[in-house]
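All values reported here derive from a predicted model rather than from experimental measurement.
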Amino acid sequence: MNVAITGANGFLGSYLTQEFLEAGFTVIALVRKSANCESLSKHPSLHIEAIDYKSNLTDQFLSLRKKYGKLTYMIHNAGVTVSLSSMEYFLVNTKLTQNLIGALEKSEWLPKENKLIYVSSMAAQGPFGIDKPVSNYGRSKKDAEEIIRKGLFPFLMFRPTGVYGARDIAFLPLFKLANRGLYPLMSSEQKMSMIHAKDLARIIREEAYKSVGIIHANDGNTYFHKDFIEALKQVTGKKIKKLPISPLVSKISLGLSDLLHRSLKRRPGLTLEKFQEISMDWHLHENPNLLFSNIPCNISLEEGFKDTYHYYKTKSML
């Protein structure tokens, strides 16, 4: 069985690659030519292939079809999660999806009876009680979903909540502050949800065998900041004080950061738009109208934070 994974060298992509390899698949890891692939362990059934997404994808997929044979699944995981440019979100998350589907159809690398799996985001659904995207990131993922709906392939789309674990860098600033005994807090009442990347990768593989449509994914728990603080206390072994953050000060600071990064032509780790989005409530598993995977998660928040903290420590990132 063959599975191709776009963005296979990325955070979640590396977990997906390992999960499908362990399940006995031959994995074709599709990465950009300049990609750092140190997150991908050597394996006899792993084949890393450089893809130029700006060139003719059909010809590249035809070549890969001749080399490896037809696919059982195509997992489209590549995308951009943080950008100062709304155009970049739509070029990468939406337009690339359209191009990829067209190339799959023309090359017949993925037979029309086989499944296209898309890693979307809960941002495409929107925060709890709002039920629509509130960011350009969320809108670009929702538009990509609509393109997939109109395609010829049976599809399975996943909308995960906040994904964390070893090799993630999005949570690094939070762990750095916790390592110094501090926790930034704007609202103690915010409701959040999480899922460890290893659990998500396993759920995607298991659901791939049996499901179609849109599936949301988290670990089934509603978290408050006090739960994060307690977990961080346990993994760091330190007392952690709450650091009150004014919403206005946060907006001003991130607005200035956006301006600075634009002038330097650099990608920030967090934008004002992303901050406003993640500061809302994301306990969507309490919405009875949404379909969630019923495959249980194995990794608790404390276990997941311990895994993440250990990774940061071993990589000298803390």
Side-chain angles (χ1 to χ4, degrees), residues 10-12 14-16 18-19 39 81-82 121-123 127-128 158-204 216-247 250 254 269-270 274-287 292-318:
F11 167 48
L12 178 59
S14 63
Y15 281 90
L16 286 168
Q18 189 63 35
E19 178 67 31
S39 62
T81 57
V82 178
S121 168
M122 275 194 189
F128 187 87
F158 286 89
R159 289 176 173 175
T161 184
V163 186
Y164 71 105
R167 300 193 291 277
D168 167 58
I169 59 170
F171 283 85
L172 179 57
L174 183 66
F175 277 78
K176 281 185 173 181
L177 280 172
N179 208 40
R180 296 168 56 189
L182 297 172
Y183 186 93
L185 184 62
M186 194 166 66
S187 170
S188 60
E189 300 304 312
Q190 184 189 3
K191 296 180 179 180
M192 299 166 286
S193 59
M194 302 283 283
I195 190 167
H196 193 280
K198 189 171 184 178
D199 276 332
L200 178 57
R202 178 175 52 83
I203 288 171
I204 289 174
H216 299 73
N218 63 18
D219 66 10
N221 297 306
T222 298
Y223 297 107
F224 294 88
H225 286 287
K226 62 181 177 63
D227 300 310
F228 282 21
I229 292 171
E230 186 58 35
L232 287 166
K233 282 181 181 179
Q234 295 300 318
V235 301
T236 63
K238 298 180 179 181
K239 293 181 179 180
I240 297 178
K241 294 181 179 180
K242 297 176 184 177
L243 180 65
I245 302 293
S246 161
S250 298
L254 284 166
L270 181 66
K274 178 65 73 173
F275 172 76
Q276 291 175 318
E277 179 182 55
I278 64 176
S279 298
M280 296 180 180
D281 289 329
W282 289 96
H283 57 303
L284 297 186
H285 53 283
E286 296 184 21
N287 183 339
F292 276 79
S293 173
N294 59 12
I295 297 171
C297 291
N298 297 328
I299 302 173
S300 68
L301 185 70
E302 184 176 327
E303 290 170 333
F305 274 17
K306 183 177 181 181
D307 163 64
T308 308
Y309 183 72
H310 177 72
Y311 173 79
Y312 293 152
K313 292 284 285 186
T314 56
K315 294 294 184 179
S316 301
M317 299 169 76
L318 293 176

Output yes when a side-chain donor or acceptor of [X] lies under 3.5 Å from a complementary backbone atom of [Y], and no otherwise.
{"X": "D199", "Y": "I299", "result": "yes"}
{"X": "K238", "Y": "N179", "result": "yes"}
{"X": "N221", "Y": "Y223", "result": "no"}
{"X": "Q190", "Y": "M280", "result": "yes"}

Q: Any pair with a residue in residues 164-174 that passes side chain to side chain donor-acceptor pair (under 3.5 Å), sequence neighbours left out, goes on the list, sorted by first then second residue, please.
A: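 As it turns out, the side chain to side chain donor-acceptor pair (under 3.5 Å) pairs with a partner in residues 164-174, which skip direct neighbours, are S14-R167.
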Over all heavy atoms of both residues, which pair between [X] and [Y] is shortest? Give the atoms and the distance, please.
{"X": "P184", "Y": "L174", "answer": "CD-CD1, 4.0 Å"}
{"X": "E303", "Y": "N298", "answer": "OE1-O, 3.6 Å"}
{"X": "I229", "Y": "Y183", "answer": "CG1-CG, 3.5 Å"}
{"X": "G304", "Y": "T308", "answer": "O-OG1, 2.8 Å"}
{"X": "L172", "Y": "M317", "answer": "CD2-CE, 3.7 Å"}
{"X": "H196", "Y": "Y15", "answer": "CE1-OH, 4.0 Å"}

(Q) Between E277 and K274, does any side-chain N to carboxylate O distance fall below 4.0 Å? (A)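 Yes, this pair counts.
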Q: Kindly indicate, with the supporting measurements, whether the criterion side-chain contact (heavy atoms from CB on, under 4.5 Å) is fulfilled by C297 and I203.
A: CA-CA 8 Å; C297 291; I203 288 171; 3.9 Å; yes
Q. After noting the C-alpha distance and the side-chain angles of T222 and M192, does the key distance pass the side-chain contact (heavy atoms from CB on, under 4.5 Å) rule?
A. CA-CA 6 Å; T222 298; M192 299 166 286; over 6 Å; no
First locate atom [atom1] of [X], then atom [atom2] of [Y], and finally report the distance between them rounded to the nearest 0.5 Å.
{"X": "S293", "Y": "N218", "atom1": "OG", "atom2": "CG", "answer": "10.0 Å"}
{"X": "T81", "Y": "L12", "atom1": "OG1", "atom2": "CG", "answer": "11.5 Å"}
{"X": "S279", "Y": "I245", "atom1": "OG", "atom2": "CD1", "answer": "11.0 Å"}
{"X": "L182", "Y": "L177", "atom1": "CG", "atom2": "CG", "answer": "6.0 Å"}
{"X": "E19", "Y": "L200", "atom1": "CD", "atom2": "CG", "answer": "10.0 Å"}
{"X": "L185", "Y": "K241", "atom1": "CG", "atom2": "NZ", "answer": "15.0 Å"}

Q | Worked verdict on H216 versus N287 for side-chain contact (heavy atoms from CB on, under 4.5 Å) | A | CA-CA 11 Å; H216 299 73; N287 183 339; over 6 Å; no
**Q.** Of K191, E230, H283, the residue whose pairing with F224 passes side chain to side chain contact (heavy atoms under 4.5 Å, CB included)
**A.**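 When side chain to side chain contact (heavy atoms under 4.5 Å, CB included) is applied between F224 and each of K191, E230, H283, only K191 qualifies.
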(Q) Please determine whether the number of non-hydrogen atoms from other residues, nucleotides or ligands lying under 6.0 Å from atom CD1 of I169 exceeds 12. (A)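 Incorrect, the count does not exceed 12.
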Q) Mind checking whether F175 and T236 have side chains closer than 4.5 Å, heavy atoms only? A)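 Not in contact.
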Q) What class does the angle between the rings of F171 and F305 fall in, given that below 30° is parallel, 30 to 60° is tilted and above 60° is perpendicular? A)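 Tilted: the ring planes of F171 and F305 meet at 30° to 60°.
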